[in-house]
Amino acid sequence: TTSSGGNTPIYIVDGVQRDMIDLLSPDEIENITVLKDAASAAVYGVQGGSGVILITTKRGTEAKPSITFKSSVNISRNTTFPEFLNALDYMRWHNVARELDGQTPLYTDEIMLQVKNGENGYGITDWFGEVFSGKGLTQNYEVSATGGNKSTKYYVAGGYTNNEGIVRNISYDKFFLRSNLDFKLNDWLKMGVNMSGYRTVTDRPSSDVSAGNSGSSTSVFWQATLAKPIYPLKYESGLYSVPTTLKGNMNPVASLTESGFNKNTNMLFSSSVRFDVNVPQIKGLTGYFLLGYDYNQTRAKSWRLPFELQKANGDVVTNTVQQRSVLMESESEQSKLAVQGSIQYENTFGKHYLRAQLVYDQLQRESSSLAAGKMNYEMLDIPELALGSDEEVVPKSVTGTSAKFARIGAVARVNYAYADKYLVEALVRADASVKFAKNNRWGYFPAVSLGWRVTEEDWMADTRSWLNNLKIRGSFGITGTDR
């Protein structure tokens with residue numbers, strides 16, 4: 001398959017394609033299956049070009065009620081860390097470097113003594129140690145209840161996770177609830193109802209704390225790398241020092257504690273209802289209907305503040321990377337509706353096994369987003385857009401978009417086996433996506449696979465004590481992408 005839609009696989013959770021898989025708790029998951037070849041992924045047609053991962057969450061069983069509580073507390077620290085010179089070694093080796101270049105040493109014995117004693121604007125600071133002084137503490141608490149009888153089964157779970165980063169002022173909180181219910185309505189009809197909800201909150205400074213941008217002067221890590229260890233963290237005035245020669249008056253710790261905040265809140269609700277029918281009049285004839293609905297809302301709020309620093313000579317300066325207060329807010333939401341229907345016939349006739357299936361698959365998605373920003377706030381205690389001046393709107397910050405997407409598909413699949421030794425599967429899927437022009441909207445994705453269970457042959461009977469399942473399989477399939 002040749003694809004330009006990226007290499008991220010799709011995730012099918014309990015039969016429905018879903019995003020934000022990272023929110024799933026490991027304790028919610030019953031099993032994970034990776035579709036390894038194109039013939040297996042071809043059943044997902046235009047979605048399967050970059051791979052397919054199937055995830056099944058836990059369900060109730062016919063058993064007495066059981067309640068499980070789990071908790072864990074972990075402490076994180078960097079396993080490897082660059083070693084930096086302390087203040088005195090820094091000055092000595094700096095002098096050596098200057099002497100090798102034929103220059104006069106910069107740090108005299110008097111200055112070294114002032115640094116050691118914290119005099120005349122000098123001091124000793126381990127800047128990386130200060131930046132990475134967060135707790136690095138992760139707390140996780142989960143409780144689940146499961147059980148059921150012949151007519152009703154349930155699995156209900158909830159949990160809370162808190163992660164305090166190893167970098168100052170970075171934290172992550174997650175809350176989740178899940179309910180998987182199964183009902184046997186009568187001898188030929190079953191219903192399954194799945195619901196889950198997640199809420200995450202990420203807090204971090206407004207300064208750049210991304211590792212991928214470590215070469216920029218706005219990066220806290222770059223500031224810490226270039227900060228000289230011969231200046232104190234703070235002066236008696238309460239202001240942070242200016243330990244770098246970077247433009248803009250930088251202090252990595254002040255960038256973490258004084259620059260404002262970025263807060264992202266995400267809420268996700270996922271649900272599905274599935275009806276399974278076993279037609280009593282015709283042996284082997286079954287079907288199902290599934291309706292899934294997801295809603296996701298994301299809010300982001302960024303409050304960027306200028307802050308004052310103090311130089312070694314006592315001058316008070318402003319961090320000029322952020323010269324004025326700026327408030328940016330955005331909100332986006334997305335809803336997704338999935339509809340599936342299937343009819344299947346499965347039976348065995350002597351040594352012949354046959355399964356034939358037809359599937360209908362439909363997906364609709366709507367999304368919208370809004371954003372706005374204001375700046376130069378006179379009152380900094382309450383960061384709200386309503387309190388900013390209408391004359392101080394951040395240029396090009398007021399935006400809004402919306403989008404709609406739809407896809408439909410159908411699958412026809414046949415499986416045949418003879419004596420449980422010789423296996424054949426053939427399928428074709430047809431998909432139509434609105435991302436393509438009307439005259440080129442449909443795509444067709446066939447697949448075929450052949451298998452041979454060698455261990456089922458009579459001449460392999462003597463090996464079954466140590467080799468119980470040897471299968472040779474070959475397959476061909478076509479997949480695609482509309483991403």
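These numbers come from a predicted model, not from an experiment. The residues of the chain are indexed from 1 along the displayed sequence. Side-chain atoms are counted along with the backbone in the values below, which use heavy atoms only and exclude waters and symmetry mates.
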Enquirer: I'd like to know if Asp390 pairs up with Lys374 as an ion pair, taking the criterion as any Lys NZ or Arg NE/NH1/NH2 lying under 4.0 Å from an Asp or Glu carboxylate oxygen.
Expert: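 Result for this pair is yes, salt bridge flagged.
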Enquirer: Could you state the interatomic distance from CH2 (Trp127) to CG (Asn251), rounded to the nearest 0.5 Å?
Expert: 4.5 Å
Enquirer: Partners of Tyr231 by ring pair (Phe, Tyr, Trp, His ring centres under 6.0 Å), sequence neighbours excluded?
Expert: Tyr122
Enquirer: Determine whether Leu23 and Asn266 make a side-chain contact, defined as any pair of heavy atoms from C-beta on separated by less than 4.5 Å.
Expert: yes
Enquirer: Could you work out, with salt bridge (Lys or Arg N to Asp or Glu O under 4.0 Å) as the rule, every residue matching Arg18, not counting sequence neighbours?
Expert: Asp294
Enquirer: Please report the closest heavy-atom contact between Ala42 and Ile478, naming both atoms and the distance.
Expert: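 Distance-wise, the nearest heavy atoms are CB-O, 3.6 Å.
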Enquirer: CD of Glu333 to CD of Gln297: how many Å apart, nearest 0.5 Å?
Expert: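 Those atoms lie 6.5 Å apart.
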Enquirer: If we ignore hydrogens and angles and just use 3.5 Å, is the side chain of Gln340 paired with the main-chain N or O of Gly15 as donor and acceptor?
Expert: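 Such a contact is found between Gln340 side chain and Gly15 backbone.
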Enquirer: Between the side chain of Ser367 and the main-chain N/O of Gln334, is any donor-acceptor distance below 3.5 Å?
Expert: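 Such a contact is absent between Ser367 side chain and Gln334 backbone.
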Enquirer: For residues 90-102, which residue pairs qualify under side-chain hydrogen bond (donor to acceptor under 3.5 Å, both in side chains), counting only residues two or more places apart or in two chains?
Expert: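 Passing the test, one end in residues 90-102: Asp89-Arg92, Arg98-Gln103.
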Enquirer: Under a 3.5 Å distance rule, please check whether Ser241 uses its side chain to pair with a backbone N or O of Pro232 as donor and acceptor.
Expert: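 Yes; at least one donor-acceptor contact below 3.5 Å.
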Enquirer: Strictly by modelled atom types, are Asn74 and Thr138 linked by a side-chain donor-acceptor pair under 3.5 Å?
Expert: no
Enquirer: Applying salt bridge (Lys or Arg N to Asp or Glu O under 4.0 Å), name anything that partners Arg168, two or more places apart in sequence or on another chain.
Expert: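 Arg168 satisfies salt bridge (Lys or Arg N to Asp or Glu O under 4.0 Å) with Glu130 only.
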Enquirer: Would you say Val131 and Val167 make side-chain contact, with heavy atoms under 4.5 Å?
Expert: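 In contact.
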Enquirer: Hey, does Ile230 have a side-chain heavy atom less than 4.5 Å from the side chain of Tyr107?
Expert: yes
Enquirer: Run the ring pair (Phe, Tyr, Trp, His ring centres under 6.0 Å) test against Phe128 and tell me which residues pass, sequence neighbours left out.
Expert: Phe81, Phe84, Phe132
Enquirer: Quick one: side chains of residues 306-314, donor-acceptor pairs under 3.5 Å with protein atoms, not counting sequence neighbours, listed by atom name and distance.
Expert:
residue	atom	partner	partner atom	Å
Gln310	OE1	Ser237	OG	2.5
Asn313	OD1	Asp315	N	2.9
Asn313	ND2	Asp315	OD2	3.2

Enquirer: Tell me if the CE atom of Met112 is crowded by more than 12 foreign heavy atoms within 6.0 Å.
Expert: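 Yes, because the 6.0 Å sphere around CE of Met112 holds more than 12 heavy atoms from other groups.
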Enquirer: With sequence neighbours excluded, what pairs up with Tyr160 under the ring pair (Phe, Tyr, Trp, His ring centres under 6.0 Å) test?
Expert: Phe175
Enquirer: Please identify each residue that fulfils side-chain hydrogen bond (donor to acceptor under 3.5 Å, both in side chains) with Thr401, with sequence neighbours left out.
Expert: Ser369
Enquirer: Taking the side chain as everything from C-beta on, heavy atoms only, tell me whether Ile55 gets closer than 4.5 Å to Ile53.
Expert: yes
Enquirer: I'd like to check the ring pair (Phe, Tyr, Trp, His ring centres under 6.0 Å) partners of Tyr235; sequence neighbours left out, ordered by chain and number.
Expert: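 Applying ring pair (Phe, Tyr, Trp, His ring centres under 6.0 Å) to Tyr235 gives none.
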Enquirer: Answer whether the closest heavy-atom distance between the side chains of Phe176 and Leu24 falls below 4.5 Å.
Expert: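 No, their side chains stay 4.5 Å or more apart.
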Enquirer: Is there a side-chain contact between Asp173 and Thr161 (heavy atoms, below 4.5 Å)?
Expert: no
Enquirer: Does Asp431 pair with Arg441 as a salt bridge, N-O distance under 4.0 Å?
Expert: no
Enquirer: Mind checking what makes salt bridge (Lys or Arg N to Asp or Glu O under 4.0 Å) contact with Glu28, not counting sequence neighbours?
Expert: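 For Glu28, the residues satisfying salt bridge (Lys or Arg N to Asp or Glu O under 4.0 Å) (neighbours in sequence not counted) are Arg178.
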Enquirer: For Ile75, does the CD1 atom sit with more than 12 other heavy atoms under 6.0 Å from it, leaving out its own atoms?
Expert: no
Enquirer: Examine the side chains of Ser449 and Ser475 and answer whether a donor and an acceptor come within less than 3.5 Å of each other.
Expert: no
Enquirer: Evaluate the side-chain proximity of Ser206 to Phe261: yes if any heavy-atom separation is below 4.5 Å, no if none is.
Expert: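 Side chain of Phe261 against side chain of Ser206, heavy atoms only: no contact under 4.5 Å found.
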Enquirer: Taking the side chain as every heavy atom from C-beta outward, state whether Leu54 and Ile32 have any atom pair closer than 4.5 Å.
Expert: no
Enquirer: For side-chain contact (heavy atoms from CB on, under 4.5 Å), just list the numbers for Tyr44 and Ile12, CA-CA rounded to whole Å, side-chain angles, deciding distance to a tenth of an Å, and then say yes or no.
Expert: CA-CA 10 Å; Tyr44 293 96; Ile12 307 298; 3.9 Å; yes
Enquirer: Could you tell me which residues satisfy salt bridge (Lys or Arg N to Asp or Glu O under 4.0 Å) with Lys174, sequence neighbours excluded, listed by chain and number?
Expert: none
Enquirer: Just verifying a value: how many Å separate Leu380 CG and Leu305 CG, rounded to the nearest 0.5 Å?
Expert: 6.0 Å
Enquirer: Can you tell me which residue pairs pass the ring pair (Phe, Tyr, Trp, His ring centres under 6.0 Å) test with a partner in residues 372-402, sequence neighbours excluded?
Expert: Trp303-Tyr377
